Chemist: 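Here it is: the structure, laid out below.
Each ligand, and each atom within it, is numbered from 1 in the order the structure gives. What you are looking at is a predicted structure, and each value in this text was computed from that prediction instead of being measured. Throughout, numbering of the chain's residues begins at 1 and tracks the sequence.
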Amino acid sequence: LSKTLLFQALEPAARRDLSTYAFTRTHGAGDPIFAAGDEGRAMMAIVTGQVRISLVTPNAREVVLADLHTDEVFGEIALLDGGERSADARALTNVTLLVLERRDVMKVLKAYPESALKLLELLCARIRRSDERMAELAFLDISTRLARALLRILDGPNRTGRKGIQRLSLSQTEMAQMIGSGREPVNRCLKGWERRGVVELKDGWLVVSDRGALELLAAQE
Ligand code: CMP
């Protein structure tokens, strides 16, 4: 718990209090953690593994809102406003979570006001990111959105924890879900990039052959 971003800034007493209330839970890769619309009385911190936050339409189209990694927290929205879960959460890998129940979080938020500020900071960061994504959806074409999404994954924490990886194991459906598009336009875009030597599609891998070209594609307004 002490490593979790949200709690890093807390004074040791607040951290000690919270960790006495938290319990761990594990989920296998692919398991649902909760679904949009569920009642939510707890928030979770990721100890190990990756969690996908997404929304699924009634006709089973999925849009990925975020992939969260070790030390990140989720489930804070329903916990704070008492409403329903705003999105689905699913384990992408085997996952160990620290679970904090509402009543315990509330106790700590009241006793240690700086922990409430930290939570607000987290919410602000998520709103900023959502705003950026909304602007991308409204203003940018599929090629630019896809280039940006791929660079975010390449530069972010990844499943192996290794840096500088230039190949991704992502299906075209997953890429479409990340940028709010259909699979067909993603396929056309990748084929075009492949002809120009930007990427290679090999054995289910997307290999970035020309990172500079991908950055140029991402920079287009
Ligand atoms: P909650 O609504 O309780 O359950 C779904 C969780 O997904 C939500 O809390 C947040 O923790 C997380 N979440 C929802 N939308 C986003 C987003 N756009 N970016 C990152 N996390 C999100």
Chemist: Which of the atoms of ligand 1 are close to F34, meaning less than 4.0 Å from one of its heavy atoms?
Modeler: 4 (O), 5 (C)
Chemist: Using side chain to side chain donor-acceptor pair (under 3.5 Å), reason through N59 and T57 one step at a time and then give a plain yes or no.
Modeler: CA-CA 5 Å; N59 56 1; T57 63; 2.5 Å; yes
Chemist: Would you call K118-E114 a salt bridge at under 4.0 Å N-O?
Modeler: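 Not counted as a salt bridge, because no side-chain N and carboxylate O are separated by less than 4.0 Å.
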Chemist: Should the pair K191-E200 be classified as a salt bridge under the 4.0 Å nitrogen-to-oxygen rule?
Modeler: no
Chemist: Taking only non-hydrogen atoms of A87, do any sit less than 4.0 angstrom from ligand 1?
Modeler: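 Yes, A87 has a heavy atom closer than 4.0 Å to ligand 1.
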Chemist: Just to confirm my output: which protein heavy-atom neighbour is closest to atom 22 (C) of ligand 1, and how far is it?
Modeler: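 Among all protein heavy atoms, the one nearest atom 22 (C) of ligand 1 is I53 CG2, 3.9 Å.
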Chemist: Are the side chains of I46 and H69 in contact, using a 4.5 Å heavy-atom criterion?
Modeler: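 The answer is no, as the side chains (C-beta and beyond) never meet within the 4.5 Å cut-off.
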Chemist: Is it true that I153 and L140 fall in one hydrophobic cluster, defined by side-chain heavy atoms closer than 4.5 Å?
Modeler: no
Chemist: Could you tell me the residue and atom name of the protein heavy atom closest to atom 15 (N) of ligand 1, and the distance to it rounded to 0.1 Å?
Modeler: L65 CD1, 3.8 Å
Chemist: For ligand 1, indicate whether the residue R129 contacts it via side chain, backbone, both or neither (heavy-atom separation under 4.0 Å).
Modeler: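 It is the side chain that touches ligand 1; the backbone stays farther off.
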Chemist: List ligand 1 atoms under 4.0 Å from A78, heavy atoms only on the residue side.
Modeler: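 Counting from 1, the qualifying ligand atoms are 1 (P), 2 (O), 3 (O).
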Chemist: Quick one: does F34's side chain get under 4.5 Å of M44's, heavy atoms only?
Modeler: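 In contact.
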Chemist: Could D131 and R128 be called an ion pair, given the rule that one side-chain N must be under 4.0 Å from one carboxylate O?
Modeler: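 Salt bridge: no.
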Chemist: With heavy atoms of F74 as the reference, note each atom of ligand 1 found under 4.0 Å away.
Modeler: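 Answer for ligand 1: 11 (O).
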Chemist: At what distance is the nearest protein heavy atom to atom 3 (O) of ligand 1, and which residue and atom is it?
Modeler: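 I find the closest protein heavy atom is R85 NH1, 2.7 Å.
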Chemist: Closer than 4.0 angstrom, basic N to acidic O: yes or no for E136 and R148?
Modeler: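 Salt bridge: yes.
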Chemist: Give the contacting part of R126 toward ligand 1: side chain, backbone, both or neither, where contact means a heavy-atom distance below 4.0 Å.
Modeler: side chain
Chemist: Applying salt bridge (Lys or Arg N to Asp or Glu O under 4.0 Å) as the test, list every pair that has at least one member in residues 87-98; sequence neighbours left out.
Modeler: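 For residues 87-98, and leaving out neighbouring residues, the salt bridge (Lys or Arg N to Asp or Glu O under 4.0 Å) pairs sorted by first residue read E62-R90.
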Chemist: Considering heavy atoms of the protein only, find what lies nearest to atom 18 (N) of ligand 1 and give residue, atom and distance to 0.1 Å.
Modeler: S130 OG, 3.3 Å
Chemist: Write out the residue and atom name of the closest protein heavy atom to atom 2 (O) of ligand 1, then the distance separating them to 0.1 Å.
Modeler: S86 OG, 2.6 Å
Chemist: Could you list which atoms of ligand 1 come closer than 4.0 Å to a heavy atom of A66?
Modeler: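 Going through ligand 1 atom by atom, the ones under 4.0 Å from A66 are 19 (N), 20 (C).
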Chemist: Among protein heavy atoms, which lies nearest atom 11 (O) of ligand 1, and at what distance?
Modeler: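 Ranked first by proximity to atom 11 (O) of ligand 1 is E76 OE1, 2.6 Å.
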Chemist: Closer than 4.0 angstrom: is that true for some heavy atom of G75 and an atom of ligand 1?
Modeler: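 For ligand 1, residue contact (heavy atoms, under 4.0 Å) with G75 is present.
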